[in-house]
Amino acid sequence: MSGTASAAEEQCVGGLNLVEPAEDYPVVVRDPGILGIGAGGLSETGDMPQGEDEVVIYIHGWVELLTGGAKAQGATVQQALRNAGSDIATMAYNYPSSSPNWWGQKGGAEKSGRKFASWVKQYQEENPDTDVRLIVHSLGARTGSGLLDELVNELGGEPVRSMEMLGGAMARDTVTVDGEFGDAIANGAEEVNNYWSSADNILDEILQIGEFGTEAVGAKGAPEDAETPDNYNDIDVTGIVDGHCLYYDPKEGCMETVVENFPEGFQGGGDSGGFFDDWF
């Protein structure tokens, strides 16, 4: 597993066009404890977006400290969105993820998503006219799925507009109707889009080694013969993305496709004119 972490570091720092974040780039941070043990409360840094039409919350994956950091990754996602023609406001969630213990971090990622759900619910209540979208990468797919389940099924909050999964480091069957996160996906977002690439070699290493041969939803999509929630979509970006951290690369990633596939409605870049007000 340490070899996988090293490969991720080389690819995600050396091969990704990371953006230097502005000092006031907004991040919600979960107290990391010691190597993720005893992780606790949430704090805010930077200038949190308020009163926006929409906001994207980016959630990073495993070994965040070795892959550029949550703040820089969030700023990179923002630049990729700008390059795709969207000026939607963005922020990042930084949860403990840098222990080399894959199995511990897998469970910790979901717990961190559930912890973050209370913050998202409060943000929605304070910004009732703001649509929240999640863009989640790698292990962050599990964080985002835990967030959706806690937000709607446990806290009774409103679903987010969409969750865009980039190279999701979860088993393929977790997104099915009867899967681990089937209810979370069905109830927690208006739409969930899974961007997968069979050229994502890091996922093969993480899931094939760490999960004893299990294939990742980010490498193959949901099982072909399984039923998925009506709001779930698999999108093959193998022809665009040939590395685990390149999904959100501003120059060669798939963010233009992500923006094109946002559920219909306001996507940044101007006034929606109220055209979709009666749709949602």
Side-chain angles (χ1 to χ4, degrees), residues 16 18-32 39 41-61 64-65 67-97 109 112-148 150-151 157-166 188-189 193 245 247-250 253 255 258-259 262-263 265-269:
L16 174 65
L18 276 171
V19 171
E20 182 69 26
E23 185 175 344
D24 62 351
Y25 185 83
V27 183
V28 176
V29 182
R30 187 181 186 204
D31 177 8
L42 303 176
S43 59
E44 301 175 5
T45 65
D47 187 11
M48 291 292 155
Q50 300 290 336
E52 300 284 346
D53 292 283
E54 289 188 320
V55 63
V56 157
I57 302 176
Y58 169 73
I59 303 179
H60 63 80
E64 168 262 341
L65 290 177
T67 54
K71 188 173 181 178
Q73 288 184 39
T76 302
V77 168
Q78 177 176 273
Q79 185 59 57
L81 288 167
R82 299 293 178 270
N83 291 356
S86 173
D87 67 358
I88 189 170
T90 74
M91 56 174 287
Y93 177 45
N94 186 357
Y95 66 95
S97 69
S112 289
R114 293 183 180 280
K115 179 73 175 180
F116 187 41
S118 59
W119 187 95
V120 173
K121 184 174 185 289
Q122 181 176 344
Y123 181 85
Q124 290 174 317
E125 292 170 349
E126 293 173 352
N127 296 271
D129 296 324
T130 299
D131 286 325
V132 174
R133 299 186 189 275
L134 306 179
I135 295 181
V136 301
H137 177 243
S138 191
L139 184 59
R142 179 168 286 275
T143 309
S145 297
L147 186 163
L148 295 186
E150 189 74 14
L151 175 65
E158 295 295 321
V160 301
R161 171 59 73 87
S162 66
M163 182 167 75
E164 318 296 325
M165 293 169 36
L166 311 177
N193 296 316
C245 285
Y247 293 87
Y248 58 92
D249 187 285
M255 296 304 291
V258 170
V259 171
F262 276 163
F266 180 72
Q267 298 177 14

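Below, each value reflects all heavy atoms present in this structure, side chains not excepted, and no hydrogens, waters or symmetry copies.
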Going from CG on Asp47 to CD on Glu23, what distance comes out if it is rounded to the nearest 0.5 angstrom?
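Separation between the atoms: 12.0 Å.
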
Next on the checklist: With rounding to the nearest 0.5 angstrom, report the CE to CG distance, Met255 to Asp249.
Outcome noted: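 Rounded to the nearest 0.5 Å, the CE-CG separation comes to 10.5 Å.
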
- Task: Decide yes or no on side-chain contact (heavy atoms from CB on, under 4.5 Å) for Val136 and Thr143, but give the supporting numbers first.
- Result: CA-CA 8 Å; Val136 301; Thr143 309; over 6 Å; no

Quiz prompt | Nearest atoms (heavy-atom pairs only) where Met165 meets Ala141 | solution =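 Looks like CE-CB, 4.2 Å.
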
- Take atom CD in Gln50; do more than 12 heavy atoms of anything else shown fall under 6.0 Å from it?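 Enclosed: over 12 neighbouring heavy atoms sit under 6.0 Å from CD of Gln50.
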
Side-chain heavy atoms of Tyr95 within contact of Ile59, under 4.5 Å: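 Answer yes - side chains close enough.
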
Discussion item. To the closest 0.5 Å, what do you measure between OG1 (Thr45) and CG (Asn94)?
Written reply: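 Spacing of OG1 (Thr45) from CG (Asn94) equals 8.5 Å.
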
Measure the spacing between CD of Gln78 and CD1 of Ile135 and express it to the nearest 0.5 Å.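 Nearest 0.5 Å value for the CD-CD1 distance: 11.0 Å.
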
ask   = Any side-chain heavy-atom pair from Asn193 and Phe262 closer than 4.5 angstrom?
value =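 SC-SC contact between Asn193 and Phe262 ruled out.
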
_In the structure I gave you, are the side-chain heavy atoms of Met48 and Val28 within less than 4.5 Å of one another anywhere?_
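Yes, close enough: below the 4.5 Å cut-off.
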
With the side chain counted from C-beta on, respond yes when Pro26 and Glu44 share a heavy-atom pair under 4.5 Å apart, and no when they do not.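 Counting from C-beta outward, Pro26 and Glu44 never come under 4.5 Å.
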
* To do: Could you point out which residue of Trp119, Tyr123, Phe116 forms a ring pair (Phe, Tyr, Trp, His ring centres under 6.0 Å) with Tyr93?
  =>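 In the set Trp119, Tyr123, Phe116, the residue that makes a ring pair (Phe, Tyr, Trp, His ring centres under 6.0 Å) with Tyr93 is Phe116.
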
task: Starting from the C-alpha separation in whole Å, work towards a yes-or-no answer on side-chain contact (heavy atoms from CB on, under 4.5 Å) for Glu52 and Asn127.
output: CA-CA 8 Å; Glu52 300 284 346; Asn127 296 271; over 6 Å; no

Listed by chain and number, what are the side-chain contact (heavy atoms from CB on, under 4.5 Å) partners of Asn83, not counting sequence neighbours?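 Per chain and number, Asn83 pairs via side-chain contact (heavy atoms from CB on, under 4.5 Å) with Gln79, Pro250.
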
| request: Could I get the full list of side-chain contact (heavy atoms from CB on, under 4.5 Å) partners for Glu150, not counting sequence neighbours? | output: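 Once residues adjacent in sequence are excluded, the partners of Glu150 under the side-chain contact (heavy atoms from CB on, under 4.5 Å) criterion are Arg114, Ala117, Glu154, Leu155.
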
Practice task
Enter the distance from Glu20:CD to Tyr25:OH here, rounded to the nearest 0.5 Å.
Solution key: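 It comes to 13.0 Å.
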
Nearest heavy atoms of Met163 and Ser145, plus distance in Å |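 Residues Met163 and Ser145, closest heavy atoms: CE-OG, 3.8 Å.
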
Q: Measure up the His137 and Tyr248 rings against each other and bin them: parallel (under 30°), tilted (30 to 60°), perpendicular (over 60°).
A: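 Ring orientation, 0 to 90° scale: perpendicular.
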
More than 12 non-hydrogen atoms from neighbouring residues, nucleotides or ligands closer than 6.0 Å to CD on Gln124, yes or no?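 It does: Gln124 CD has more than 12 such atoms within range.
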
Residue pair Leu134 / Leu148, side-chain heavy-atom distance below 4.5 Å:
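They are in contact (side-chain heavy atoms under 4.5 Å apart), so the answer is yes.
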
(request) Heavy atoms only: give me the nearest Ala92-Ala70 pair and the separation to one decimal. (result)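 Nearest pair, atom of Ala92 first, then Ala70: CB-O, 3.8 Å.
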
With a cut-off of 6.0 Å (strictly less than), are more than 12 heavy atoms of other residues, nucleotides or ligands near CD of Glu125?
->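 Enclosed.
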
With side chains defined as the heavy atoms from C-beta onward, is the minimum distance between Gln73 and Tyr58 less than 4.5 Å?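 Gln73 reaches Tyr58 side chain to side chain.
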
task = Any chance you could measure Lys71, atom NZ, to His60, atom NE2, to the nearest 0.5 Å?
result =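 Going from NZ on Lys71 over to NE2 on His60, the span is 14.0 Å.
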
>> If you compare all heavy atoms of Ala189 against all heavy atoms of Pro159, which two are closest, and at what distance to 0.1 Å?
In response: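 Answer, listing the atom of Ala189 first, then Pro159: N-CB, 3.9 Å.
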
